[in-house]
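Report on one structure; see the data block that follows.
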2 protein chains.
Amino acid sequence: MTVAKKWCLTEAQRRDAADPIAFARARFSLPKDRIYFDGNSLGPLSHAVRQRIAEVTAQQWGEDLITSWNAHQWIDLPKRVGNRIGRLIGASPGQVLCCDSISINLFKLLAGALPMVRGKRQVLSTQDNFPTDLYMVQGLSHLIGQHACRLDLVEESALLEEINDDTGIVLVTEVNFRTGRRISIPELVAKAHAHGALVIVDLAHSAGAVPVHLEAWAVDFAVGCTYKYLNGGPGAPAFVYVAKRHQQQFQQPLFGWLGHAQPFDFSPHYEGAEGISQLLTGTPPIISLAAVDAALDAFQDVDIRVLREKSLGLSEYFLLGLGLLELEEQLRLISPRAAEHRGSQLSFAHDDAYGICQALIERGIIADFRAPNVLRIGFAPLYNTYEEVWQTVETIGEVLAAKEHQDPRWQTRNAVT
Amino acid sequence: MTVAKKWCLTEAQRRDAADPIAFARARFSLPKDRIYFDGNSLGPLSHAVRQRIAEVTAQQWGEDLITSWNAHQWIDLPKRVGNRIGRLIGASPGQVLCCDSISINLFKLLAGALPMVRGKRQVLSTQDNFPTDLYMVQGLSHLIGQHACRLDLVEESALLEEINDDTGIVLVTEVNFRTGRRISIPELVAKAHAHGALVIVDLAHSAGAVPVHLEAWAVDFAVGCTYKYLNGGPGAPAFVYVAKRHQQQFQQPLFGWLGHAQPFDFSPHYEGAEGISQLLTGTPPIISLAAVDAALDAFQDVDIRVLREKSLGLSEYFLLGLGLLELEEQLRLISPRAAEHRGSQLSFAHDDAYGICQALIERGIIADFRAPNVLRIGFAPLYNTYEEVWQTVETIGEVLAAKEHQDPRWQTRNAVT
């Protein structure tokens, strides 16, 4: 065993030395003596972000005050940042905005897309989709009635076959937040379109970690998160995508003043702006948007395919280590075994998943827990290393052996996505 | 004239020396050699805010990462900051949240309030209300139909008499963004309630500058802005108020996961939280919320009545100076002459209002312009001084005398609220 362990460490170090994007780790301000495998929940601070926040706060806001809206082009930030996110998800300019939250953006998309499917009222989604996605459909139903919008939930595995001519909208998250399972979007879109349905994809656990090709996949609408793999900061604004071909017909109902064709005319009558700008609502949160903008710098010279390769490399190495330490039975993998069907995380079921997570935190390793019994390990290829992977596997072995996860302190639970 | 001018300056300095809240100015990081009368559009940076942003960014996010949701109680920020805002607008705890934008919060209130007026569909507002307020009603009408929600616009002066038994909701901004005119909310609420209507008040130009007593005035719902007189930063999250007596019955339709009774159960079925928390939607923007929290420190030891007194003192001094320099005919006051009917701004109509505004900026004085012909001077009693008021009046006189406002450069226009 000692030989095997030694090999694992050496091999991890060898892989880190050969990592073509190892340089990116230095861009982040990672806490000392800690290992962070929770970038799928909250990405870390980068030096560029810290500098930009300080600059926007002290110079732009502090010194130039209101004139910054023009002088520093604050007014264009949602579009400019949106276009930069677009490059990571296969969307050419003019189709992505950075604004509001996923919840709010989903409401815009759902309410705007339903009238486009000629009276069909079914929104089809998966039982295990991230709750806010389902709740927004339920909220819209509550508002406009079940006759106009009805949420039908099916098992993820049955989703494709459940799409039929009654389906109006298919709402999915590409990578399942609990299991890390990745849905094949091109296949889904083909089936949906064949039945006259539109597709809304939530990229919360995809953007910045998984190659996404919204245009090539013919996706109709999408939303996503900037505070996970994109490292934009806690609660940073989300993004929203509307395919160019739909922008003429699409009309979202949250008529905010910045989505007006001529916001500075201050007309009492709403007239939606051309293109993606129509999805703007209120005054954009400048400091947060600037933070997202700076966070995207870390991706500028990194090929998303290389990121993906490393992401899968890290997760496969995790599984290799787990096998070597014979922990596979204790920690039951609930993510797909085939790498191509996963996002950038591994999830394990264990009755004491919460305890394992807490015991790991005490040892300086941060992963996360999802009710009722899931331990999630999120791999962020921009900064995680193979050595960290091995250290984590080894520590999990020690925690389990010493039964640290059964400590009575871990009887109450709390967590944040 | 020279004697009069000299008196004005001396008197201004005398008043500043006697100002009971003069100490508060030192809390702000105001740009050197500039005078800022645009705090009604974007409040300035305070030292407390700059420090807090740096701390939340580098320590909480940077070092403690995901654990900050519990360790630094990020999760409670919308409520905690909401309660602090409540103290400035006459709302006891549990009725105010800091979240989303005014636009989004208005949508929640409109959609949630309409079912409470037993089938009445009229939303009554004023022609000159801030556009986003009107647009959100139009958006809701677009979504649920004119039979369920219809916006009727009247002149501000006719608002009271237009309220009748058909009125479902009265939607007003207490202080008009263009003219600074202040509506009497208690009178409005009494009339509305007598006709079975509910009242939504937008406090964008009130909070932090005008004494507001939501509970005493029996206001049903309110929204407001934190980046104007509250100095929370560009595009900082807004606030929303739901009177406790309505919280049981009220149900807003933007069912976000953080508004769920048990968000961390990740149930696929929405069940709204008790009380004001039901108005939460997506993950809150932590850095921005922390900035608002710190910005409120500047109000902690300042009586809002003293603020109001100084606000009116500053604006009356402005008018006094204008009269003394005989500029009253050139710069036509469109705010009410009676101080009690104004918020904390003075607005003047002038064909070259944009040019005057630009010429003032060149001379280091920042006020703002609103289409088509309005010059707005916003008085922020926490940091503006009587001497600044006098210097501004004097400079306007010089600009007009030298015809700087007619410079051909000022032929195109742009501005931000």
Side-chain angles (χ1 to χ4, degrees), chain A residues 29 31 36 38 41-42 44-45 50 53-54 57-58 61-63 65-66 69-70 74-75 101-104 107 111 127 131-132 134-136 138-139 142-144 153 233-236 253-257 264-268 270 281-288 366 368 370-371 414-416, chain B residues 29 31 36 38 41-42 44-45 50 53-54 57-58 61-63 65-66 69-70 74-75 101-104 107 111 127 131-132 134-136 138-140 142-144 153 233-235 253-257 264-268 270 281-288 366 368 370-371 414-416:
Chain A
S29 166
Y36 196 62
D38 207 9
S41 190
L42 174 65
L45 175 65
R50 193 179 44 218
I53 286 177
T57 303
W61 174 20
E63 290 293 317
L65 285 155
I66 192 70
W69 284 102
N70 298 320
W74 283 357
I75 200 75
S101 62
I102 284 191
S103 305
I104 300 299
F107 190 85
Q127 187 75 26
T132 224
L134 307 180
Y135 299 165
M136 293 318 292
Q138 291 163 22
H142 168 82
L143 184 62
I144 66 176
L153 295 180
L254 302 177
F255 292 0
W257 78 288
F264 297 106
D265 282 358
F266 297 103
S267 153
Y270 184 78
T281 54
T283 307
I286 296 307
I287 297 174
S288 309
I366 300 169
D368 77 15
R370 279 295 167 271
N414 203 356
V416 166
Chain B
S29 166
Y36 196 61
D38 207 9
S41 190
L42 174 64
L45 175 66
R50 193 179 43 216
I53 287 176
T57 303
W61 175 20
E63 290 294 318
L65 285 156
I66 192 70
W69 284 102
N70 298 319
W74 284 356
I75 200 75
S101 62
I102 283 192
S103 305
I104 300 299
F107 190 84
Q127 187 75 26
T132 224
L134 306 181
Y135 299 164
M136 294 316 293
Q138 291 163 22
L140 184 60
H142 168 83
L143 183 61
I144 66 176
L153 296 180
L254 301 177
F255 292 0
W257 78 288
F264 297 106
D265 282 359
F266 297 103
S267 154
Y270 183 78
T281 54
T283 307
I286 296 306
I287 297 173
S288 309
I366 300 169
D368 75 15
R370 279 294 168 271
N414 203 356
V416 166

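Predicted model only: the values in this text are computed from it and were never measured. Just so it is clear: chains get the letters A, B, ... in the order the sequence lines come, proteins before strands, and each one is counted from 1.
Annotation: side chain of B:Phe107 is in contact with side chain of A:Phe107 (closest heavy-atom distance under 4.5 Å). Looking only at side-chain heavy atoms (C-beta outward), B:Leu65 and A:Pro44 come within less than 4.5 Å of each other.
Heavy atoms of A:Leu254 lying under 4.5 Å from chain B belong to its backbone as well as its side chain. When heavy atoms are compared at a cutoff of 4.5 Å, A:Leu134 approaches chain B solely by way of its side chain, counted from C-beta outward. When heavy atoms are compared at a cutoff of 4.5 Å, A:Pro284 approaches chain B solely by way of its backbone atoms N, CA, C and O. With a 4.5 Å cut-off on non-hydrogen atoms, A:Ser101 touches chain B through its side chain but not through its backbone. Both the backbone and the side chain of B:Leu140 come within contact range of chain A, with heavy atoms under 4.5 Å apart. Residue contact with chain A, scored on non-hydrogen atoms closer than 4.5 Å, involves the side chain of B:Ile53 exclusively.
The candidate with the highest count of non-hydrogen atom pairs below 4.5 Å against chain A, out of B:Ile144, B:Thr57, B:Ile102, is B:Thr57. Annotation: maximal heavy-atom pairing with chain A below 4.5 Å, among B:Ala54, B:Ser288, B:Gly233, B:Ala58, occurs at B:Gly233. Taking B:Gly62, B:Pro131, B:Pro234 one by one and counting their heavy-atom pairs under 4.5 Å with chain A, the maximum is reached by B:Pro234.
In this structure, B:Gly282 and A:Ser103 approach most closely via the heavy-atom pair CA-OG, 3.6 Å. Counting all heavy atoms, side chain and backbone alike, A:Phe255 lies closest to B:Met136 at O-SD, 3.2 Å.
Using a distance-only test at 3.5 Å, with no hydrogens or angles considered, no donor-acceptor pair links the side chain of A:Glu63 to the main chain of B:Pro31.
The aromatic rings of B:Tyr135 and A:Tyr270 stand perpendicular to each other, their planes meeting at an angle above 60°, with 30° marking the opposite boundary.
For the atom pair CD1 (A:Ile366) and CD1 (B:Ile66), the distance works out to 9.0 Å, reported to the nearest 0.5 Å.
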